[in-house]
Structure formats: structure tokens, C-alpha cells
Amino acid sequence: MTAKAGTATGSSPSPNVVPLRPRPAKSRPADHGAVSSPPCAERPSPGHYTALAIDRALKANLARLTNGISPAGLASIYFNWLSHMALSPGKHAELIEKANRKLGRFLVYASQAATNPETPPCIEPLAQDRRFAGTAWDQWPYNLIYQSFLLTQQWWHNATTEVDGLSKDDEQVLSFVARQILDRYAPSNLPFTNPEVLQATLEQGGMNLVRGAQNLLEDWRRSAAGERPVGAEAYEVGRDVAVTPGKVVYRNRLIELIQYQPSGDRVYANPILIVPAWIMKYYILDLSPHNSLVRYLVEQGHTVFMISWRNPTSDDRDLGMDDYRRLGVMDALDAVTAIVPDSKVHAVGYCLGGTLLSIAAAAMARDGDVRLAGMTSLATQVDFTEAGELMLFIRESEVSYLENMMWDQGFLDGKQMAGAFQLLHSNDLVWSRVVREYLLGERQGMNDLMAWNADVTRMPYRMHSEYLRGLFLYNDLAAGRYIVEARPINLADIRIPIFAVGTVADHVAPWRSVHKITFHPATDVTFLLTSGGHNAGIVSEPGHPHRSYQVATKRAGETYRDPDRWQAEVPSKEGSWWPEWHSWLIGHGAERVAPPTMGSAAAGYRPLCDAPGTYVLQD
């Protein structure tokens, strides 16, 4: 039965969810049933639960101080590295030889640079490292300072990698942590070793540092008060962003469903349902009028529906992944097919929303639900075996530690989550800002994408724990172990055509991981790789400068191409990928028809309010 518009649908815990505290194994055992206790097992005493509560409370408070990073987890990796290093005299000798060779290179460079300023550096920064790009770094003694730093950084990379006996996972974490420590004390971050800061201080009589101190105090005040960053007030939701006309046509306890006003008297028959991630506000796809994906689709003649997720509180701590599937994707799909009857739906999922959509589509295929015409996933992972550096924060120790913090709060706060993402690109997202705004005293201008990024959301305790364990830690979805309504689902059951988008510089969903959707053996998969990152690559409107993409379709039954071969063989095209996707949509759709009504009072989906609705405005 279709739920009536404006009513709140309750959420009951699913009996078939990933346990919150499963056994610490990389893959699940085949039997998910209960395990009998040994005959002599002692029942937990009241003191056991008291001890557990004390431990969880302590770890929850520690986790707030460490931004969710487990000290015990890091310590165990560090001592593991030390123990393997102690048993590797050959590695010691190699590191000593490398240190001597680097010292010799540095001394030769220093002696030559003293008489010839045009001497080429003995080590070049990585292509993405722009910290020492200014000409001031070519002058003595700053050239020696940054060259010695890069050589030291390279040596520590050698010291933390290719250690015999150390697992690849531990090696990646150790190398990452070493890089973070070194980046913290890079000469570019210190006022007395950064020539650009020193030059600005001399020219401005120290006023850059005064302005920087003012910027620091203002940012601290706003953060403590829970206010948005400086300049974000210029992008008000419903006034400056999220302004595509539409109506909220359905609401339950978890979502509002927005139907957008058609732009003409004829539309394509197949409506589009967009499932954004609840890790972010939906209007990343409806920013300013010039770069709104929603507005673009509407102007091309599509009927567009958008899920707007409610920002959960501690009262929603027990909402799980299946609640998001049922109250989110399935309730929205019921509404869309009631408002636009007799037409199959093009479903679109972004990031975590794409993962949830894939789960829903696989369950629908298993159960014979044929309401989907096609599926598009944007920067979405369904196989998490190669999920990039984000996996450094998703280990048994880290997940357990994070669960304690979420258990205490009832949710994971967006600011706590943002810290992990910033660490992945700390030079670009943290230290470059410190130098620019606090040492040089220059405020970076705000834009709509940055303002949206500061509009953080929360995630319920139960859902996020299930997501981290069932998908990231155990990879249940790709392994065919993910349970929906008491039975496992299989992504290979999906038979509708798939369009998948990856972005070259994505540090949240690395494109090679996104590319794994082409493993699918039984349907056509069109994979598109576009320039840009996780967000900017998706928000890539026609006319956006410096945009390019590659696209190719793997037909059902065709031979698989690995990511590197795919990237080398598929030709590149200039411009936005949006028109390419639009062509795919109409190529897998039906003819144009008269636009549907806004909502359907007869079906129980009368318009409730104007877009962008109320849930997106929740702090």
C-alpha cells in the first residue's frame, strides 16, 4: 500500500542487519547464525556491563579529542613496524646507504647552488605538491631548507615501506601517518622558514600576521558557536542555491521527496529519481542556477525527483541501512511511480546514495520488481577492496573506537567525519589554508561549492556502524553476503543498463574502485571517467573550463578491461560529461509526452510545500 503524503512512516529495526560487533575477521564466515556458547561458559555478571559502560564512556571521550583516530590502533601498528625492523638488518643497511647517498646529493647541490643560482634541484616535488612552487624558494637558504625536507620525506617513505613481514595494510597506515607528521612540520608551514611569509611580513610591517590572528580568532569563534565559515552566508539555501522550482510531494520521518517543475509542454516519459548521499545535503546537485545538474536535466526535458534526507539526531540512533533503503529509496520510488504511472524510472545515486541504490536495485531484481529503466551511479563504490586511503580509517581498531563515540552521541557528527577527509589531502585542505589565511592574512573567497561543503550533516549510530562494517570492513555487498529482508542479494542479478561516473582526482571513491562496476557480467555498463574530484568532477556544467572525460560501454558478455588499460585505450573528449549522460538517458528511454501533474492528490501525494523543503534547512 502506498503511504500517504505528509505522514511519518515509522522505523523498526530489521532482524537481518550486520551485527554491530562481529568477530574481527576480514571476511565473514559462511554461517551467520548464532554460535552456541561453550557448556561451561559463565553468564555475564552485572559487573561485566558496568565495566563495558566505563570502557565505552572513556573511549568515547578520547575519540572526541583524537577526531576518531584510535591511539591503540596506531600504537600496535608502530610496534609491529619496530619489531619487523628489528629483524631486518638488511633493511637497516639499505636505509643507511640511502641516507648517505641522499646526504651526498644534498652536499653536492648545496656547493653548486652557492655559486650558481640556476643549479637544478637535486629532488623535485611530486606533481601535486605545490608548496614550494614560488620563485622565492629558489633563493638561498630556502632552497636548501626545502630540498633537505623533500629528501627527508623521501627517506621516511623508504623506511616505512617494503619492510619484510609487514602487511600492506599496516605499511599504508604507517606511511600515511609518517607523511602527516612530516607535513605538519614542513618548512612551508613555519613563518621563519617560509620566504613568502617573511617577505609579506617585511613588506606589510607584520600586518599580515595581525590579520591572520584575527582570522584565526574569528574561525575559532564561529566553530565554537556552531556557525558556518566566513562568507558562507552569501549562499542561503532556497535563495542563492537550491533554487530550481519544485514542490515537496512526499514526506516521512527520513526523507522529503521533491518534484521539480517541468520547463516545457513536453517531457521524456521516463522520470528521473535522484538518491543523494545522506553524508551531505542534496543541493550539491542543485547549486547555483549556472551549475545545477537538476536545472540542466529539467531544461533538457526530463521530469526530475530528488530525495532530501532529514538530518538525524540522537533520537534516530537506531536507524539502520535497511531503514534508509525502505524509507528512502523504496518509499520515494513508490511515490514517483504513483505520480508518473506506466513509466519506468531512471534511478540515479551519488556517492553513498549510489551504494544504497545498488543495494535496492539488486533486491528489486531478486524479487522481480521491474520498475527501473536504468541506473546511474556517480562516484559510487560497490566493491570496497580497493577503496583508497579512506580505508586507513576503517580497520577493526578504528571502527570499534569510532563506534564508542557514536554510541555515546547517537550519531556521527559531520565535523568529526570531515576531519578524516581533510587528512587525506591535508596539504590542500589544511596546511595551505593555514599558510594563506593565518600567516599571509589572506582570506580565500567563498563559492557555492565551498559553502555547501560547510553545511554538514550527521549519520545515525546504527546505520554508520553497519555501513563501515558490512560494506567497507567486510565487503559483504560485493561478496554476495549482504542481507535484505532475510535473504542475500547479488549485484549480478541487476539486468537494467548501468551508467557509472568516476572522477580522476577522487580521494573518497577512487575511480579505479568505482570502475569495478564493469565486473558486471549480465548487463551493459557504460563507464565514464571525468576530470576533477569527488564533488567538483560531478558538478561539471557545460562551459566549465578545463574539463574532459573518457567514456566507453562494456556490453554484457564482453571481455573485461582493467582500469589502467581502459584509461590508456579509451579516447579523451573535451568538455562537460553532462551532455554525454543526457544522450545515454534518452537512448535508454521512451518518447516525449505531456508533463505529469505536480504530485498526485488522487494517489495520496499532494504537494506539501515549495522546494527546497524543510529537511535541507535543518542544522
Side-chain angles (χ1 to χ4, degrees), residues 222 226-249 251 255-263 272-300 302 304-311 332 348-353 378-379 414-415 417-418 421 429 443-458 501 503 508 532-545 547 576-578 581 598 607-619:
R222 284 176 175 257
E227 298 177 6
R228 299 174 71 188
V230 174
E233 59 274 5
Y235 298 95
E236 181 180 326
V237 177
R239 184 195 69 188
D240 309 287
V241 293
V243 295
T244 303
K247 298 286 186 181
V248 173
V249 295
R251 180 186 296 129
I255 70 166
E256 289 182 331
L257 181 66
I258 301 170
Q259 180 183 358
Y260 291 96
Q261 186 74 43
S263 63
I272 294 174
L273 171 62
I274 302 178
V275 184
W278 52 94
I279 198 175
M280 57 181 85
K281 297 288 182 75
Y282 84 85
Y283 67 92
I284 176 65
L285 300 175
D286 186 26
L287 284 173
S288 304
H290 74 278
N291 61 359
S292 166
L293 179 59
V294 168
R295 181 178 290 267
Y296 172 81
L297 291 171
V298 169
E299 290 177 346
Q300 301 308 307
H302 295 283
V304 181
F305 292 82
M306 172 74 76
I307 289 176
S308 174
W309 299 100
R310 179 173 173 267
N311 202 0
V348 183
Y350 183 16
C351 186
L352 178 53
L378 310 177
K415 293 179 180 177
M417 186 167 43
F421 292 137
L429 301 179
R443 277 292 190 192
Q444 181 180 10
M446 182 69 66
N447 59 36
D448 52 4
L449 188 59
M450 295 167 62
W452 163 84
N453 195 51
D455 195 2
V456 296
T457 59
R458 296 175 290 272
V501 178
T503 63
V508 178
H534 187 71
N535 299 320
I538 300 301
V539 183
S540 182
E541 71 282 2
H544 194 297
R547 285 290 184 252
S576 167
W577 62 270
W578 291 5
W581 180 43
M598 295 297 290
L608 302 176
C609 63
D610 290 334
T614 60
Y615 283 178
V616 73
L617 303 177
Q618 295 174 331
D619 293 327

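The analysis underlying the following values was restricted to heavy atoms, covering all of them including side chains, and did not include hydrogens, waters or symmetry mates.
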What heavy-atom pair brings [X] and [Y] nearest, and what distance separates the two atoms?
X: P229; Y: M446; answer: CB-CE, 4.0 Å
X: E233; Y: R239; answer: O-NH2, 3.3 Å
X: A242; Y: Y282; answer: CB-OH, 3.8 Å
X: D448; Y: S288; answer: OD2-OG, 2.7 Å
X: I255; Y: A332; answer: CD1-CB, 4.1 Å
X: H544; Y: V539; answer: CD2-O, 4.3 Å

Hey, does [Y] have a side-chain heavy atom less than 4.5 Å from the side chain of [X]?
X: R222; Y: V230; value: yes
X: V348; Y: F305; value: no
X: R295; Y: P245; value: yes
X: P276; Y: I307; value: yes
X: V241; Y: W452; value: no
X: M598; Y: P262; value: yes
X: R251; Y: C609; value: yes

Tell me if a side-chain donor or acceptor on [X] pairs with a main-chain N or O of [Y] at a distance below 3.5 Å.
X: W578; Y: I538; answer: yes
X: N453; Y: L449; answer: no
X: E256; Y: T614; answer: yes
X: R228; Y: A451; answer: yes
X: R458; Y: D619; answer: yes
X: Q618; Y: N311; answer: yes

How many angstroms lie between [atom1] in [X] and [atom2] in [Y], if you round to the nearest 0.5 Å?
X: R547; Y: S576; atom1: CZ; atom2: OG; value: 9.0 Å
X: L285; Y: M280; atom1: CG; atom2: CE; value: 8.0 Å
X: Y615; Y: T457; atom1: OH; atom2: OG1; value: 15.0 Å
X: L257; Y: M306; atom1: CG; atom2: CE; value: 10.0 Å
X: N535; Y: S540; atom1: CG; atom2: OG; value: 12.5 Å

**Request:** Compute the ring centroids of H534 and Y350, then answer whether they are less than 6.0 Å apart.
**Result:** yes
**Request:** Let me know which of V237, V243, V294, I258 forms a side chain to side chain contact (heavy atoms under 4.5 Å, CB included) with D286.
**Result:** V294
**Prompt:** For the side chain to side chain contact (heavy atoms under 4.5 Å, CB included) test, which of I274, I272, T244, L297 pairs with Y260?
**Reply:**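 The option that passes is T244.
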**Prompt:** Going through the checks in order, is the side chain to side chain donor-acceptor pair (under 3.5 Å) test met by Y283 and D455?
**Reply:** CA-CA 10 Å; Y283 67 92; D455 195 2; 2.8 Å; yes
